[in-house]
J.: 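Pasting a structure here, questions to come.
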Amino acid sequence: MTDIRDILDARRLIAPHLPETPMWSYPVLDAAVGAEVHVKHENVQPTGAFKVRGGITLLARMADRRRGVVTYSTGNHAQSVAYASRLYGVPCAVLMPENPNPAKVAAVEALGATVEVRGATMVETAEHARDLAERAGRRLISPADEPDILAGVGTLYVEMFTARPDLEAVFVPVGSGSGAAAACLAAAALAPGCRVIAVQSAQAPAAHDSWRLREPVTRPIKTVVEGLATGSAFALPQAVMRDGLADFVLVDDDDILRAQRLLLTEAHTLAEGAGAAALAGLLARREEFAGRKVAVVCTGGNAGPAELARLLASAE
């Protein structure tokens, strides 16, 4: 199981490649929420999302890079692995489910990876990825069931808790669950008084329901929030979250859109839907956290054209 030593070693590995990301509070946002809100800006990573930390850590530790890698993702994990693969000269193939975000496809291809669209859902795409990896003799990289990915993602929380050890809670969006699991590991070691609260779309609640039921379940994917569109739970993050989460909140897609708009207008930040979900979770629990010191992770800013159109239309 990944622990704080693995995370600190990952911090050493990624330091030459990624600077620390900023964490700021905004007076107008604080007033709107009614709390002291610290926004961790993973949207400024070179891939536009936090997952690049995990990709670099995994590829840095990979023993036989010549064989190449295969992964599957709706976008940000794909960019993470593609970015790290380019960094280390590793052949990389990415499989995506139908109707992927064209901006994310273009970004993955620009990093030198090949993209293949296979499967109607992430569950189906995962099966195609396993088949391809086996046929090609490549290393299959799961979006979340990878200790090295958890260790890499955990570095953002080391930065967070080093800067603000007095945080009372951190809200983390959940798709695969790697971010929330990593937050649990870092908080336990560095900020045991900080509550880790996961947030997921009610229109794709597989991770939430698996955590509540304490067993893996699959659920339909009806959300338009790409980064949260997972229909089944991942075993490794669930095992960590089972003991480490203080709570798990479901929010509607409309709530996420409102949080996106609030980040845009009051924090000068363009967040993709998943990147705004943490703030949506905090807003859903506004009364409980009134006047508290809390953090929200803006996990990414890779909003596609359709998402930008929805966001701009909602601001009119």
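Small disclaimer: the values here were computed from a predicted structure and weren't measured.
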J.: Verify, without hydrogens or angle tests, whether Arg212 (side chain) and Phe248 (backbone) share a donor-acceptor contact under 3.5 angstrom.
T.: yes

J.: Say you draw a straight line from CG of Leu95 to CE of Met122; how long is it, rounded to the nearest 0.5 Å?
T.: 10.5 Å

J.: Roughly how far, to the nearest 0.5 Å, is CG of Leu13 from CD1 of Ile56?
T.: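 So the gap between those two atoms works out to 10.0 Å.
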
J.: Is any side-chain heavy atom of Pro100 closer than 4.5 Å to one of Val117?
T.: yes

J.: Could you tell me whether the side chain of Asp255 and the main chain of Ala280 form a donor-acceptor pair under 3.5 Å?
T.: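 Side chain of Asp255 to backbone of Ala280: no pair is present.
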
J.: Is it the case that the side chains of Asp148 and Thr57 hold a donor-acceptor pair, with the cut-off being a distance below 3.5 Å and no angle test?
T.: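 Distance-only check fails for Thr57 and Asp148.
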
J.: For Glu288, run the salt bridge (Lys or Arg N to Asp or Glu O under 4.0 Å) check against Arg285, Arg286, Arg292 and tell me which one passes.
T.: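 Option passing the salt bridge (Lys or Arg N to Asp or Glu O under 4.0 Å) with Glu288: Arg285.
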
J.: Report the residues that fulfil side chain to side chain donor-acceptor pair (under 3.5 Å) with Arg118, sequence neighbours left out, ordered by chain and then residue number.
T.: Glu116, His128

J.: Checking the side chain of Glu124 only, and the main-chain atoms of Ala120 only, is there a donor and an acceptor separated by less than 3.5 Å?
T.: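 Present.
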
J.: Between Glu168 (side chain) and Val294 (backbone), is there a donor-acceptor pair under 3.5 Å?
T.: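 Checked: no pair found.
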
J.: Under 3.5 Å, side chain of Ser25 to main-chain N/O of Glu36, donor-acceptor pair present?
T.: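 Side chain of Ser25 to backbone of Glu36: no pair is present.
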
J.: Quick one: side chain to side chain donor-acceptor pair (under 3.5 Å) partners of Asp64, sequence neighbours excluded?
T.: none

J.: Are the side chains of Val81 and Val94 in touch, meaning some heavy atoms are under 4.5 Å apart?
T.: no

J.: Keeping the roles fixed (side chain from Glu266, backbone from Leu262), state whether a donor-acceptor pair exists under 3.5 Å.
T.: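 No, because the side chain of Glu266 does not come within donor-acceptor range (under 3.5 Å) of the backbone of Leu262.
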
J.: Spell out, as yes or no, whether a donor-acceptor pair under 3.5 Å connects the side chain of Asp252 to the backbone of Asp254.
T.: no

J.: CG of Asn302 to OG1 of Thr47: how many Å apart, nearest 0.5 Å?
T.: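 Output value for this atom pair is 7.0 Å.
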
J.: Looking at CD of Glu159 and CD of Glu42, how far apart are the two atoms once the value is rounded to the nearest 0.5 Å?
T.: 6.5 Å

J.: Can you tell if the side chain of Ile149 reaches within under 4.5 Å of the side chain of Ile141, non-hydrogen atoms only?
T.: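 The answer is yes, as the side chains (C-beta and beyond) meet within the 4.5 Å cut-off.
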
J.: What residue pairs, at least two apart or across chains, pass side chain to side chain donor-acceptor pair (under 3.5 Å) with a residue in residues 129-138?
T.: Glu127-Arg130

J.: Aromatic rings Phe171 and Phe289: how do their planes relate, parallel, tilted or perpendicular, breaks at 30° and 60°?
T.: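 Perpendicular, since the angle between the ring planes exceeds 60°.
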
J.: Please tell me if the side chains of Leu156 and Thr21 come closer than 4.5 Å, counting only heavy atoms from C-beta onward.
T.: no

J.: Walk me through it: do Gln79 and Gln45 pass the test side chain to side chain contact (heavy atoms under 4.5 Å, CB included)?
T.: CA-CA 11 Å; Gln79 289 185 68; Gln45 291 286 8; over 6 Å; no

J.: Hey, what do you get for OG1 (Thr230) to CZ (Arg219), rounding to the nearest 0.5 Å?
T.: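 That separation rounds to 12.5 Å.
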
J.: Which pairs, with at least one residue in residues 19-34 and sequence neighbours excluded, count as a salt bridge (charged side-chain N to carboxylate O under 4.0 Å, His left out)?
T.: Arg11-Glu20

J.: Backbone N or O of Leu250 within a donor-acceptor pair of the Gln200 side chain at under 3.5 Å?
T.: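 No, Gln200 side chain to Leu250 backbone: no donor-acceptor pair under 3.5 Å.
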
J.: Can you check whether Asp253's main-chain N or O pairs, donor with acceptor, with Gln203's side chain at less than 3.5 Å?
T.: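 Such a contact is found between Gln203 side chain and Asp253 backbone.
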
J.: Would Phe234 end up clustered with Leu245 when hydrophobic side chains under 4.5 Å apart are linked, directly or stepwise?
T.: no

J.: For the residue pair His77 / Ser176, report whether a side-chain donor-acceptor contact shorter than 3.5 Å exists.
T.: no

J.: My understanding is that only residues two or more places apart in sequence, or in another chain, count here; which of them pass side chain to side chain contact (heavy atoms under 4.5 Å, CB included) with Ala233?
T.: Ser210, Gln238

J.: Can you list everything that forms a side chain to side chain donor-acceptor pair (under 3.5 Å) with Ser178? Sequence neighbours excluded, please.
T.: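 With neighbours one apart ignored, the set is empty.
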
J.: Are Leu263 and Leu228 in one and the same hydrophobic cluster, where Ile, Leu, Val, Met, Phe, Trp and Tyr link if side-chain heavy atoms are under 4.5 Å apart?
T.: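 Yes, because Leu263 and Leu228 connect within a single hydrophobic cluster, where side-chain heavy atoms sit under 4.5 Å apart.
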
J.: Is the closest side-chain heavy-atom distance between Val69 and Ser85 below 4.5 Å?
T.: yes

J.: Are Val217 and Ser232 packed together at the side-chain level, in the sense that at least one heavy-atom pair is separated by less than 4.5 angstrom?
T.: no

J.: When you measure from the side chain of Thr71 to the backbone N and O of Ala78, does any donor-acceptor pair fall under 3.5 Å?
T.: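 Between the backbone of Ala78 and the side chain of Thr71 there is no qualifying donor-acceptor contact (under 3.5 Å).
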
